[in-house]
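Every value quoted in this text rests on a predicted model; they were computed, and no experiment measured them. Reminder, nothing fancy here: chain letters follow the sequence lines and each chain counts from 1. All values below come from the heavy atoms of this structure, side chains included, with hydrogens, waters and symmetry mates left out.
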Number of protein chains: 2
Amino acid sequence: MAPSSVVDDITKAAVDLFSTQGYANTSVQQIVEAAGVTKGAMYHYFESKDDLLFSVYERMLSLQTSHLEEIVGRGAPTAQTLHDVCVDVIETSIDFLPEGTVFFRSVHMLSEPRQKEVTRRRRQYHDVFAGLIERGQEEGLYRTDIPRAVLVAHFFSDVHYLSNWYSPEGPEDKVLLAQQLTDLFLVAIKA
Amino acid sequence: MAPSSVVDDITKAAVDLFSTQGYANTSVQQIVEAAGVTKGAMYHYFESKDDLLFSVYERMLSLQTSHLEEIVGRGAPTAQTLHDVCVDVIETSIDFLPEGTVFFRSVHMLSEPRQKEVTRRRRQYHDVFAGLIERGQEEGLYRTDIPRAVLVAHFFSDVHYLSNWYSPEGPEDKVLLAQQLTDLFLVAIKA
DNA sequence: GGCGACATACCGAACAGTCGGTATCGAGAA
DNA sequence: TTCTCGATACCGACTGTTCGGTATGTCGCC
């Protein structure tokens, strides 16, 4: 059996409530009630409400980072690697849409040190991504008339924005959408 | 003279604090102190804290809508119109960066009816934008293999994301950046 | 002398976090 | 085998504070 389903139950309830009501509008009382546990249980496993929010980020960041490393580790040609990375990050962002909502909406509610930590980990991801583009530019694949930082931001804006408009119940298919957005990006940056 | 600089002072202080600390973490006491007025003055001009937040949106929405109407009203060819609209919305978004931060971070803190109102006005803007793309598609200018909603979302993701990475103190020039992002978008959707 | 534009003291609810407890269990001494 | 003991996993009533909002007063101007 899992070491404790309590932690999972709490985390799930928290993500659910944070994504629908927002972090500030959600009381810990609501969370523990939704999770079917008590406040004592929650404060046994989490330091604070802030800690709860951070754990949501932690999970997403770890997952995406490990995916990134795996894909880059395959050692495929630059174009293929970049393509796969784009598709993957979009797809996992769709898989974790509520987490994404919480993520982009409530980072600023984290305590200063934890905010820094999140920023640091995100920057790591961005740096690897930027590195791929740089390599592609050296190979003559991608345009160089626009600052690399702008190109990177241009891509992540799509990922970021997903939770603001995409609905899994809508007509858009996850896999298809990931390909379409990736295509839009790759066409735009082509040399 | 303006009907009252008090309203302006309060609004400015509010935007400033909301954008740096977040809506929930900012007390009305902080706002009135920063604005150099008292709570009584604030509640004389605003119904509630919620109302204060809404007024920020109100101003942005009105401004962008009026710009949009003006540009479309010129009656230029589709390609030119779409280009101008893109550049304008990016530039004004940069001009109102703190407002944008507040906007995208805290819409969900608004009361239900006001949230609906904001959504409605934004949809209006999107609809006009989508209409331009549709016209362009009929004229054979833009690709049709990707749902129009995705194309629209793809563009507004850039606008949305601006407040998350752009810094006026950074190396990027406002006008140049607007052109670059617009170019990336227009290249991507070209037929 | 009444009305608009504020000022100030205050209220009540909400809420994060605490703290003194209890239940269950595994290991080791008797 | 039984008894003890420490540790882990909770429980839930309580509290100190924060904060949005209000009630009442004041002051100048038409």
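Judged as a side-chain contact (heavy atoms from CB on, under 4.5 Å), and not counting sequence neighbours, the contacts of B:Thr38 are B:Ala41. Considering only residues two or more places apart in sequence or on other chains, A:Asp9 meets the salt bridge (charged side-chain N to carboxylate O under 4.0 Å, His left out) condition with none of them. A search for salt bridge (charged side-chain N to carboxylate O under 4.0 Å, His left out) contacts involving A:Glu99 returns A:Arg59, not counting sequence neighbours. Here A:Tyr142 pairs with nothing under the ring-ring contact (aromatic ring centres under 6.0 Å, His included) rule; sequence neighbours left out.
Nearest approach of A:Val150 to B:Trp165, heavy atoms of both residues: CG2-CH2, 4.1 Å.
The listed nucleotides are C:dG17, C:dA7, D:dA9; the one nearest the side chain of A:His44 is D:dA9. The side chain of A:Thr38 sits closest to D:dG12 out of D:dG20, C:dA7, D:dG12.
Rounded to an integer number of Å, the gap from B:Asp50 CG to D:dG20 C1' is 12 Å. Protein atom OH of A:Tyr43 is 18 Å distant from nucleotide atom P of D:dC14, rounded to whole Å. Separating the CD atom of A:Gln29 from the P atom of D:dC11 is a distance of 12 Å, rounded to the nearest angstrom.
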For nucleotides 25-30 of chain D, list the nitrogen or oxygen atoms of the protein found under 3.5 Å from its nitrogen or oxygen atoms, one pair per line.
none

Name the pairs: protein N/O against N/O of nucleotides 17-19 of chain D, kept only if under 3.5 Å.
none

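Ring geometry for B:Phe185 versus B:Phe129: interplanar angle of 30 to 60°, hence tilted. Classified by interplanar angle (parallel below 30°, tilted 30° to 60°, perpendicular above 60°), the ring pair B:His160/B:Phe104 is tilted.
Along DNA chain D, the nucleotide closest to A:Val37 and the one closest to B:Gly40 are compared, and the more 5′ of them pairs with A:Val37.
Residues B:Leu162 and B:Leu177 have side chains in contact (heavy-atom distance under 4.5 Å, counting atoms from C-beta outward).
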